*Asks:* 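One structure is given below, represented as structure tokens, and several questions about it will come after.
When a residue number appears, it is its place in the shown sequence, counting from 1. Keep in mind that what you see is a predicted model, and the values were worked out from it rather than measured. These values consider heavy atoms only, across backbone and side chains, with no hydrogens, waters or symmetry-generated copies.
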Amino acid sequence: MPEPRSNAGVTNFRPQGIVPDGKGALPTYQSTVSSSPSAYPQQSSGPPSSATNHLTSLQYTPPLGPPPGPSRGLDTKFQSPPSAYLPTPAGEDLDLPPPPTISHHVSPASNTTPALADAGYEFCTKNPLAPPQFFTASTLAMISSGNLPLASPPPSFIGTVSVGPLPAITTPTLGAGCPDTCLMSALPLYCAGYHHPANTGKPKQIYFEISIGSLPPDSTVAVGFVGCPYPGFRLPGWNRASLGVHSDDGRRYCNDSYGGKDFTQPFGAGATVGIGMVFSTAGPGSGVEVYFTRDGQKAGGWQLDEETDAELDWNATEGLDGSCDIYAAIGVWGGGIKVAVNKFVSE
């Protein structure tokens, strides 16, 4: 099995205070990353290979997409998104938001190690978020069709990913299992330069769904979204520009390296779950909605710009507010996992 996680109350430090380490194991700022990951997505020659990946580097760079080609019926004019998508006008009397959902220091299920949290924090510190990318008409058409493969797995991944659209993911049942890994769509479902409601005048929805064929009790699957670059050795939701709902504790995470927020019941083998985001057409305070589904039906959600806990929460909107490209993300940890992607939606 991968390196065991622990709920031990080791004290670690973040700029806002001192708290015990939790599921995402907040950084101690003592470790260093041995590799120097690229800060920018690199061009890939095609969909991911089904070969097992046993590399040890922490570098992870998703591809930009397929070569140009003809397309019809799509607005392919690139427009820079606004610098802030969640404005609040001065002097306007707005309803106060509900009180913040309670954040936890640790997960009741499993928790990662401080060393990996240090590496994730350092990765994000060294590698700023990429600006919105330019895409060809054929690439935008491919995104709209939903026929997307996953990007090449990060070096931390141990297992197989099938080649082609709507891929399947498998981790070995014997041996070391798979350490914390984030697998991403090969292309973003939300392209900030083409989909931002402030520029298009239309709302934008992104969504994807998976079916879990096998998930042992000591393994984890997460569904979420990330902005690039993202450390491939961290589950979605634990670092900057990411959110995720995790199977082992049912909690939601959004740039949260502690223990997440109570959200839904844990899920396992036989479950069909999905996650989506809706970027509304404008208006100050309209925000971005995040929603979760079970068997294709909404089963909860939250506003990205919800009021947060000043002690435990970092900026949840960074990289997810519509100003950056956003990729689908599937997190895996452990062995014996079998997951199939049912659909990618960008509409």
*Asks:* Can you tell me how far SG of C178 sits from CD1 of I169, rounded to the nearest 0.5 angstrom?
*Replies:*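 Rounded to the nearest 0.5 Å, the CD1-SG separation comes out at 9.5 Å.
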*Asks:* Is the ring pair F233/F123 parallel, tilted or perpendicular, if the boundaries are 30 and 60 degrees?
*Replies:*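 Rings of F233 and F123: perpendicular, as their planes differ by over 60°.
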*Asks:* Counting distance only, does the side-chain N/O of D262 pair as donor-acceptor with the main-chain N or O of R251 below 3.5 Å?
*Replies:*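 Judged by distance alone, no pair lies under 3.5 Å.
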*Asks:* Distance check, rounded to the nearest 0.5 Å: Y230 atom OH versus L235 atom CG?
*Replies:*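 Between atom OH of Y230 and atom CG of L235 there are 7.0 Å.
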*Asks:* Once side-chain hydrogen bond (donor to acceptor under 3.5 Å, both in side chains) is applied, do any residues pair with D325, and if so which ones, sequence neighbours excluded?
*Replies:*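 D325 satisfies side-chain hydrogen bond (donor to acceptor under 3.5 Å, both in side chains) with no residue once adjacent residues are dropped.
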*Asks:* Can you name the nearest heavy-atom pair linking G336 to P216, along with the distance?
*Replies:*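 In this case the closest contact between G336 and P216 is O-CD, 3.3 Å.
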*Asks:* Which heavy atom of S162 sits nearest to which heavy atom of A168, and what is that distance?
*Replies:*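 Scanning both residues completely, I find the closest heavy atoms to be OG-N, 2.7 Å.
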*Asks:* Could you pull out all residues at least two apart from E318 that satisfy side-chain hydrogen bond (donor to acceptor under 3.5 Å, both in side chains)?
*Replies:*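 With sequence neighbours excluded, E318 shows a side-chain hydrogen bond (donor to acceptor under 3.5 Å, both in side chains) to no residue whatsoever.
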*Asks:* Any non-hydrogen side-chain atom of C182 less than 4.5 Å from a side-chain atom of V226?
*Replies:*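 The answer is yes, as the side chains (C-beta and beyond) meet within the 4.5 Å cut-off.
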*Asks:* Output the distance between atom SG (C228) and atom OH (Y327), rounded to the nearest 0.5 Å.
*Replies:*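 C228 SG to Y327 OH: 4.5 Å, rounded to 0.5 Å.
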*Asks:* Applying side-chain contact (heavy atoms from CB on, under 4.5 Å) to V288 and M277, what does each step give before you reach the verdict?
*Replies:* CA-CA 7 Å; V288 178; M277 299 179 72; 3.8 Å; yes
*Asks:* Can a side-chain donor-acceptor contact be found between S156 and T181 if the only test is distance below 3.5 angstrom?
*Replies:*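 Note: T181 and S156 side chains meet the donor-acceptor criterion.
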*Asks:* If you look only at distance, which donor and acceptor atoms sit under 3.5 Å apart when one is on a side chain in residues 265-274 and the other is two or more places apart or in another chain?
*Replies:*
unit_1	atom_1	unit_2	atom_2	d
T272	OG1	S211	OG	3.2

*Asks:* Flag the pair T171 / F157 as yes when at least one side-chain heavy-atom distance between them is below 4.5 Å, and no otherwise.
*Replies:*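 Yes; the side chains approach each other to less than 4.5 Å.
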*Asks:* Restricting to non-hydrogen atoms, name the atom on A192 and the atom on G322 that form the minimum distance, rounded to 0.1 Å.
*Replies:*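 Closest approach of A192 to G322, heavy atoms only: CB-O, 3.5 Å.
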*Asks:* Between the side chains of T200 and Y194, is a donor N or O closer than 3.5 angstrom to an acceptor N or O?
*Replies:*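 Looking only at side-chain atoms, Y194 and T200 do not form any donor-acceptor pair under 3.5 Å.
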*Asks:* Run through I143, I275, L189 and flag the one making a side chain to side chain contact (heavy atoms under 4.5 Å, CB included) with I206.
*Replies:*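 It is L189; the other options fail the test.
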*Asks:* Between W302 and F263, does the ring-ring contact (aromatic ring centres under 6.0 Å, His included) criterion hold? Intermediate values first, please.
*Replies:* CA-CA 9 Å; W302 71 94; F263 181 60; 5.3 Å; yes
*Asks:* As an exercise, state the distance from CE of M142 to OG of S346, rounded to the nearest 0.5 Å.
*Replies:*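 Those atoms lie 12.5 Å apart.
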*Asks:* At what distance, to the nearest 0.5 angstrom, does CG of N255 lie from CG of L320?
*Replies:*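 It is 8.5 Å, given to the nearest 0.5 Å.
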*Asks:* Side chains of L187 and F135: closer than 4.5 Å at any heavy-atom pair?
*Replies:*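 Sidechains of F135 and L187: in contact.
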*Asks:* Does the side chain of T170 reach to within under 4.5 Å of the side chain of I337, using non-hydrogen atoms?
*Replies:*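 T170 vs I337: side chains apart.
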*Asks:* Using the six-membered ring of Y291, assess whether NZ or CZ of K298 lies under 6.0 Å from its centre and within 45 degrees of the ring axis.
*Replies:*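 Yes, cation above the ring, under 6.0 Å and within 45°.
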*Asks:* Side-chain contact, heavy-atom cut-off 4.5 Å: R294 with T264?
*Replies:*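 Yes. Closest side-chain heavy atoms under 4.5 Å.
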*Asks:* Quick one, D180 with R234, criterion salt bridge (charged side-chain N to carboxylate O under 4.0 Å, His left out). Give me CA distance, side-chain angles, the key distance, then yes/no.
*Replies:* CA-CA 6 Å; D180 291 326; R234 298 283 282 165; 5.5 Å; no
*Asks:* Determine, using ring centers only, whether Y253 and H246 are less than 6.0 Å apart.
*Replies:*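 Close enough - the centres of the two rings lie under 6.0 Å apart.
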*Asks:* If you look at every heavy atom in S242 and G237, which pair is closest and at what distance?
*Replies:*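 For S242 versus G237, the nearest heavy atoms are OG-N, 2.9 Å.
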*Asks:* Quick one about E209 and Y207 (side-chain donor to acceptor, distance below 3.5 Å, no hydrogens or angles considered), yes or no?
*Replies:*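 Short answer, yes.
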*Asks:* At what distance, to the nearest 0.5 angstrom, does CZ of F208 lie from CZ of F344?
*Replies:*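 CZ of F344 is found 6.5 Å from CZ of F208.
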